[in-house]
**Q** 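I'd like to ask you about the structure that follows.
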Amino acid sequence: MNIHTQSSDPFATRSDLLILMLDTKDNKARISPTIKKFDKVLDGLIGSLISNSDISGNEGEMSLIYTPNLSVKNFYPKKIMILGMGDFSLLSTNNVRNISASLVKKVKKLKVKKVHLLNEKSVYSKKLNLEKFSQSFTEGLILGNYSFDKYKEKANSGNLEKFTFLDSNEQNKKIINRSIKVGSIFANAEILARDLVNEPGNMLSPSDLAQVAVKVSEKHGCKVNILEYNDVKKLGMGAFLGVAKGSDRPLKFIHMTFEGDKSSPENNIWLIGKGITFDSGGISLKPGFGMGKMKGDMGGGAAVIAAMEAISQLKPKINVNVVCAATDNMPSGNAQMPGDIVKAYNGLTIEVDNTDAEGRLTLADAIGYAKDKGASKILDIATLTGAARIAMGDGVSPIFGNDENLINSVINAGSVTGEMIWQLPLDNVTKKQNFSMVADIKNTGGRGGGSTTAAHFISRFAEGVSWAHIDIAATSMLDSDRDWYVAGATGVPTRTLIEFCINL
Ligand code: BES
Ligand code: MN
Ligand code: ZN
């Protein structure tokens, strides 16, 4: 989709669909001077639709008006849409992203190719300036336009080709153009993450995922280093190696670096993503029903690699490292067995009580590696526990950690991007549940607080460094469309990671 700005006269715009934004105050539609002009040429149609309550102006309402034989000279839009925005002065980035995503979903059904949005001065407020308005509008357009149909002979729906912000003020156009750029970088990164999560296991091996990281670095100028089996073995990553044992496809340890503040190496953040390209459970095999969803068990890895794509374009003044220990988790004659004891990179021994609790094992070694390389802050993202859905449903991702400042800045970034994150405590009661009789720690923690015991496990490998962990097991994939998501991969929390890194 091509998104840009233009300053032509709206009546003279040869648009398939011209959109007018409608404001409300106290749940009553308010006709702006711009809409008034259209109302005049339409013989008061808009006004009467409003007074008959056919148009309310409520957030996300879309009313189409066809204008085929209008007897007005030089009026070229083929259709007009009155787009309800709710109360302009209450709009947040999330409202706007939501509205533009529903808009694009509707427009796709209409099979319209060229759409124009007439800007309204009064839509920008102190709360939401033109810059933020245009960025979130752009994000909603791109995210709502997404579909994963590359393996279908016929696509599910049409695609919007061209979207134009109409604004005759040159200064505004500059701001909007800049926001289109930034919004596109944010949204396209999230779409890369969606594509990777939606890609099935046979099409995305650890090597394929590593190739994506290499491509991103070649295109955007960050560095990449792929460690192979022998390197990982030499480093002593026994926990990661144990998980990879059962798979015939070689593991890849992906490490990307963006140097935004070369002269201060301690000004760094490490983003670590779980990278299980397929999680069968291993010898602790999962039940068959729904197992196909485990193609998305590299959602954390996808998010951090995708965030790196955006970060290396937006260039914040900070050194960003991305790590993803990528492997399948498979059963085989050579697979890791329940009861095995492995030695992690940091020297701790782990009793592998359940081979399906594999994510925390790979994260343990990735975090150990990051610490060794001088990480100041670590944020890991993982589709870690089914219990995350039990605790919070699929609209909120739980976050855990040992640094309240770090946790709060991630939560705040998430509230701007609309990717809701909320903290759960690492209490001393659940901490005991990872106790092992035979090793330093066990990779399961019993029935209660499954997401928390997983986080406690990881925390043992992040001691002495500022660390937080987001569990995206529930939010990474959806069963049905919602907001700016379509069923399937959400790409969460890619945009939050970008926002968070920029704010650092
Ligand atoms: N990848 C799964 C978690 C998951 C579940 C992600 C549902 C997405 C949707 C993880 O590796 C896993 O299997 N976790 C187990 C842990 C248990 C064995 C302690 C779980 O949640 O059941
Ligand atoms: Mn598992
Ligand atoms: Zn898993």
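All values below were derived from every heavy atom in this structure, side-chain atoms included, with hydrogens, water molecules and symmetry-related copies excluded. Counting starts at 1 for both ligands and their atoms, following the listed order.
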**Q** Please check if the side chain of Asn95 supplies one atom and the backbone of Ser92 the other of a donor-acceptor pair under 3.5 Å.
**A** yes

**Q** Just checking Arg482: does its CZ atom have more than 12 heavy atoms from other residues, nucleotides or ligands closer to it than 6.0 angstrom?
**A** yes

**Q** Among all protein heavy atoms, pick the one closest to atom 7 (C) of ligand 1 and tell me residue, atom and distance.
**A** Met294 CE, 3.6 Å

**Q** Answer with yes or no whether Arg360 contacts ligand 1, where contact means a heavy atom under 4.0 Å from a ligand atom.
**A** yes

**Q** Could you tell me which atoms of ligand 1, counted from 1 in the order shown, lie closer than 4.0 angstrom to a heavy atom of Thr383?
**A** 1 (N), 2 (C), 3 (C), 6 (C)

**Q** How many protein atoms of type N/O/S are positioned less than 2.8 Å from the Zn ion (ligand 3)?
**A** 4

**Q** For atom 12 (C) of ligand 1, find the nearest protein heavy atom and state the residue, atom name and distance (0.1 Å precision).
**A** Asp356 O, 3.2 Å

**Q** Do other residues, nucleotides or ligands put more than 12 heavy atoms under 6.0 Å from the NZ atom of Lys343?
**A** no

**Q** Does Asp248 CG have over 12 foreign heavy atoms under 6.0 Å away?
**A** no

**Q** Within rounding of 10°, what is the angle whose vertex is the Mn ion (ligand 2) and whose arms end at OE1 of Glu358 and OD1 of Asp356?
**A** 120°

**Q** Return yes when Lys293 approaches ligand 1 closer than 4.0 angstrom through a heavy atom, no otherwise.
**A** no

**Q** Between Ile498 and Ala310, what is the shortest heavy-atom contact and its length?
**A** CD1-CB, 3.3 Å

**Q** Do any of the N, O or S atoms of Asp279 sit under 2.8 Å from the Mn ion (ligand 2)?
**A** yes

**Q** Is there a side-chain contact between Phe137 and Phe163, using heavy atoms and a 4.5 Å cut-off?
**A** yes

**Q** Look at the aromatic rings of His255 and Trp270 and report parallel, tilted or perpendicular, splitting at 30° and 60°.
**A** tilted

**Q** When you compare ligand 1 with Ala473, is there at least one nitrogen or oxygen pair between them that comes in under 3.5 angstrom?
**A** no

**Q** Can you find a non-hydrogen atom of Met477 under 4.0 Å from ligand 1?
**A** no

**Q** Closer than 4.0 Å to some heavy atom of Leu384 - which atoms of ligand 1 meet that?
**A** 2 (C), 3 (C), 10 (C), 12 (C), 14 (N)

